[in-house]
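In what follows, every chain begins at residue 1, and chains take the letters A, B, ... in the order their sequences are listed.
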Amino acid sequence: MEITHVYAKLRSEFGRQCLFSDRPEEVMVDIHPEPSLASQFILKTRKDQGLQACRDMSEHQVNTERFESNSCGMNHVEGGWPKDINPKDVEQTIRFRKKVEKEENYINCLQHLGSVMEHCIKQNNAIDIYQQYFEEDEELEESSELPSAKTINILRDPNEVKRTITSLSWHPDGGRKLAAAYCNLGFQKNPKDMSLDSYIWEIGGSYGRFNHRGMVLWWDVRKLSEPTERLVLDPGREGNLDRALGAISLEFEPTMPTKFMVGTEQGLVVSCNRKAKTAAEKIVCTYDGHHGPIYALQRNPFFPKNFLTVGDWTARIWSEDIKESSIMWTKYQMSYLMDACWSPVRPSVFFTVKMEGVLDIWDILFKQSDPSLSVKVSDKALYSLRVQDNGQLVACGSQNGEATLLEICSGLSTLQKNEKSLAAAMFERETKREKILEARQREIRLKERSRSEQSREDEAGREDGEDNLEQLIARAENDFYSLVEAEMRRRERREETPQENDVCDEREVQNGVENGKTGDETGNTDLS
Amino acid sequence: MADVEEILKRIQSHRGVEGAIIATSEGIIMRSTLEEQITVQYVALIQPLLMKTKKTLQDMDSEDELTHLRLRTEKNELIIAADKDYFMVGIHKPSP
């Protein structure tokens with residue numbers, strides 16, 4: 001059925017304005033359903049379908065190649081045999097082995113492997129390459145504080161005319177009492193009004209006293225009128241007073257009451273036995289080492305076999321057994337060393353005082369070439385030095401009568417771990433070294449002697465000897481001058497001090513160098 | 001043959017050496033200074049270890065190759081020197 005709507009308009013009315021108006025609706029067409037048509041259609045089953053605005057995807061499944069494994073125990077049987085050989089057949093295996101062994105490749109290979117193996121084994125035998133260094137018990141406790149010394153007190157000579165403090169002594173109770181002996185060390189300089197008092201703050205009695213006249217006198221404190229015994233310090237042991245050496249310092253160790261040692265003006269240390277009957281036997285042996293008077297002599301409180309001497313420009317440590325030379329020594333200092341003593345608490349520490357007013361504290365376990373601490377105590381020369389028994393207080397006596405008390409830092413006055421054993425080991429080592437050197441010297445001397453005996457008839461040999469001497473002298477002179485020049489040049493470059501100082505230093509240097517030369521000629525070597 | 005003997009003897013002459021074994025890389029025992037059962041055990045266990053080690057090093061750096069392997073234990077040290085075709089095992093007890 002057609003649904004049409006006719007719309008008619010006069011041509012003359014085209015383009016005219018449209019005038020709309022409302023009117024009620026009217027039904028144009030009404031089509032009713034026709035049931036007969038329903039049989040031509042089938043009803044579809046209902047289903048739910050989700051709708052989403054997204055991309056289309058597809059799903060796949062993949063499986064890798066299957067690997068089958070199973071766990072089982074292992075039966076160690078020789079394997080690896082090529083397929084054609086039956087491992088159970090002994091003959092075949094032997095034949096195979098022989099064949100392999102004949103191959104060149106095998107032998108070369110093996111040699112290479114063998115050398116690798118040997119290298120490893122030798123390595124293992126030489127050192128333990130798996131060794132743990134620095135195991136846990138080694139905590140390095142480094143005293144982070146630098147060594148230091150503090151001046152506590154200065155005790156001055158109450159007199160107007162200043163005199164030098166020649167020796168000091170602490171009260172043995174460990175108290176704070178100090179005895180100082182004064183005397184004017186200037187030659188013939190006693191002004192009339194100089195007081196002759198020794199300012200002894202407390203009285204400390206000394207057991208043995210000495211004088212410059214070459215004898216050692218024993219005084220009993222109870223009987224001060226006359227010496228109880230005399231001993232003449234003659235190196236020839238003959239009791240000849242003319243040849244006696246002047247004594248400067250004395251060392252007496254209360255634990256060894258029969259032995260004592262004397263330091264002389266000539267640089268010799270004489271070791272004596274008190275109990276010996278005759279004067280000749282009293283002098284046991286001598287130690288020669290210093291070029292000038294020995295101002296201080298003291299045994300190490302922990303190792304009585306080693307003693308310290310101080311004289312000229314060095315401090316030396318000796319072992320009783322070695323008579324030819326000291327086992328350890330400091331290098332030549334810039335000024336005279338006037339006194340020294342060991343620290344009563346630390347076996348490896350000792351103190352020295354110098355002519356230029358400097359107190360040096362040496363720790364031989366820490367540094368051997370220089371003092372651990374140098375303190376300028378006064379402008380005047382320091383003549384004496386004593387450490388108090390607790391090791392912390394040090395008294396130095398100077399030329400103008402001032403006694404300065406210094407407190408040493410705890411690092412230098414407390415016994416460190418293992419210090420005793422280390423110091424003992426060091427002394428042992430140095431002693432052994434000297435012994436070996438001594439033995440070698442003896443050997444060389446023996447050889448020379450035997451050689452010179454053989455060529456005694458040879459005139460030319462003797463002339464050669466003389467020539468050698470002259471050559472030696474010339475060579476020594478040349479060396480000496482070159483050394484002095486080098487030193488002078490060095491000083492000019494380093495310092496800009498006034499002329500006087502240079503002159504004094506030069507003289508000192510010359511002296512030092514000269515002594516150094518003589519030192520060389522006697523066969524000593526300086527380890528600085 | 002004599003050279004091989006010599007090599008083994010030299011190795012054994014060092015202080016602390018307890019034994020030496022020579023084998024092919026497949027595990028065939030060529031020579032040994034220890035008795036057979038122990039040797040077999042050593043070779044059977046060390047050979048795969050050695051193979052694995054070689055393969056590992058090869059994977060990491062193809063130009064590098066294994067020269068020797070040192071196994072330090074509490075009691076002794078196993079030194080395994082390896083080559084392409086053969087390897088040598090030394091049992092060493094180093095004295096400290």
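Within 6.0 Å of atom NZ in B:K54, more than 12 heavy atoms from other residues, nucleotides or ligands are found, so the atom counts as buried in its surroundings. Residue-environment remark: NZ (B:K55) stays at or below the threshold of 12 foreign heavy atoms within 6.0 Å. A:E428 CD: 12 or fewer foreign heavy atoms inside a 6.0 Å radius. The number of heavy-atom neighbours closer than 6.0 Å to CD of B:E65, taken from other residues, nucleotides and ligands shown, is 12 or below. For B:K52, the NZ atom is loosely surrounded, since the number of other residues' heavy atoms within 6.0 Å does not exceed 12.
From A:I121, atom CD1 reaches atom CD1 of B:I91 across 10.0 Å, with rounding to the nearest 0.5 Å. To the nearest 0.5 Å, the span separating CG on B:L8 from CG on A:L110 amounts to 7.5 Å. Within the model, atoms OH of B:Y86 and CG of A:N108 stand 10.5 Å from one another, a figure rounded to the nearest 0.5 Å. One finds the CD1 atom of B:I22 at 10.0 Å from the SG atom of A:C109 (value rounded to the nearest 0.5 Å).
A:R97 contributes a side-chain N or O that, together with a main-chain N or O of B:I29, makes up a donor-acceptor pair within less than 3.5 Å.
Annotation: side chain of B:H68 is not in contact with side chain of A:M117 (no heavy-atom distance under 4.5 Å). Under the 4.5 Å side-chain criterion, counting only non-hydrogen atoms from C-beta, A:N125 is in contact with B:H92. Side-chain atoms of B:T67 and A:V116, non-hydrogen and from C-beta on, never get closer than 4.5 Å to each other.
Each of B:E77, B:R15, B:R72, B:H14 was compared with A:N124 under the side chain to side chain donor-acceptor pair (under 3.5 Å) criterion, and only B:E77 meets it.
The minimum heavy-atom distance linking A:G114 with B:I7 is given by the pair CA-CG2, 4.0 Å.
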### Query
Under the side chain to side chain contact (heavy atoms under 4.5 Å, CB included) criterion, do B:D83 and A:Y106 qualify, and how do the steps go?
CA-CA 10 Å; B:D83 190 79; A:Y106 175 74; over 6 Å; no
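When heavy atoms are compared at a cutoff of 4.5 Å, B:V17 approaches chain A solely by way of its side chain, counted from C-beta outward. Only the backbone of B:A82 comes within contact range of chain A, with at least one heavy atom under 4.5 Å from a heavy atom of that chain. Contact annotation for A:K102: neither backbone nor side-chain heavy atoms come within less than 4.5 Å of a heavy atom of chain B.
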